Amino acid sequence: MTMPTDLQNHREALLGMRRELQSNRVLLKGVTNDYGVFLFTGGNLPRAPCDLAAIMSYLQHPFAAERIPTAHVERYRHLAEMVIQQGQVPSPSPRTLPCRRELTDAFNHLSSEIEILESTLERDVARALQATEREPSRADNDVYRMNSQF
């Protein structure tokens, strides 16, 4: 039996969230390395081109809120946007080492919290995906029960 359309749409949205979280994790690691270089060499602030499309879509329609807390998703979005904005600040040149250290420390603080949220959200998304895999069998059982009543 095929998966119901809503369930399939939710599954695709969850898969998109998982890909986005994984992609952002890789991007964040790269930007973390860039901040390490920035600390010692100066120049422009590293940019974090995070993708938040699936996160924003989920926040508009939190269909799995019992498994993926909306507050966690909202906090992740907020922190990711802060990292993105920090990289878009025009950089006066030259910056002193204490100034670069302050900017790098602020980024490291944000990225640490983002990493924790990413791990939590990836786990929650995986659990929600597992639930969607079980749903068709429940739906099949319900259809069977309904048909057997007639």
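Below, each value reflects all heavy atoms present in this structure, side chains not excepted, and no hydrogens, waters or symmetry copies. Quantities reported herein were computed from a predicted structural model and do not represent experimental measurements.
The backbone N or O of Ala53 lies less than 3.5 Å from no partner atom in the side chain of Ser57, so there is not a single donor-acceptor pair. A donor-acceptor pair under 3.5 Å is formed between the side chain of Thr41 and the backbone N or O of Val37. When atom types are taken as modelled, the side chain of Asp51 and the backbone of Asn24 share no donor-acceptor pair closer than 3.5 angstrom.
Between atom CD of residue Glu20 and atom CG of residue Leu52 there is a gap of 6.0 Å, rounded to the nearest 0.5 Å. Rounding to the nearest 0.5 Å places OH of Tyr58 at 8.0 Å from CG of Leu14. Atoms NZ and OG, on Lys29 and Ser111 in that order, are 11.0 Å from each other to the nearest 0.5 Å. Taken from CG in Asp6 to OG1 in Thr132, the straight-line distance is 12.5 Å, to the nearest 0.5 Å. Once rounded to the nearest 0.5 Å, the distance linking CZ of Arg101 with CG of Asn108 reads 11.5 Å. Taken from CZ in Arg67 to CG in Leu129, the straight-line distance is 10.5 Å, to the nearest 0.5 Å.
When side chains are defined from C-beta on, Val31 counts as touching Phe107, because their heavy atoms get closer than 4.5 Å. Between Asn44 and Phe38 there is no side-chain heavy-atom pair separated by less than 4.5 Å. Using a 4.5 Å heavy-atom threshold, the side chains of Ile114 and Met82 count as separate.
A search for ring pair (Phe, Tyr, Trp, His ring centres under 6.0 Å) contacts involving Tyr76 returns nothing, not counting sequence neighbours.
Shown here for Glu118 and Leu21, the closest heavy-atom pair between the two residues is OE2-O, 3.8 Å. Of all non-hydrogen atoms in Pro49 and Leu27, the two that sit nearest each other are O-CD1, 3.4 Å.
Heavy atoms from other residues, nucleotides or ligands lying under 6.0 Å from CD of Glu102 number 12 at most.
When the side chains of ILVMFWY residues are joined at heavy-atom separations under 4.5 Å, either directly or via intervening members, Leu59 and Phe63 end up in a single hydrophobic cluster. Linking Ile, Leu, Val, Met, Phe, Trp and Tyr residues whenever their side-chain heavy atoms come within less than 4.5 Å places Met56 and Leu121 in a single cluster.
For the side chain to side chain donor-acceptor pair (under 3.5 Å) with Glu81, the qualifying choice from Gln85, Arg77, His78 is Arg77, the only one to do so. A side chain to side chain contact (heavy atoms under 4.5 Å, CB included) with Leu39 is found for one member of Asp34, Asp105, Thr104, Leu103 and no other, namely Thr104. Across Arg25, Arg18, Arg127, a single residue satisfies side chain to side chain donor-acceptor pair (under 3.5 Å) together with Glu122, and that is Arg25. Among the candidates Ile68, Asp124, Val125, Leu117, the single residue satisfying the side chain to side chain contact (heavy atoms under 4.5 Å, CB included) test with Val73 is Ile68.
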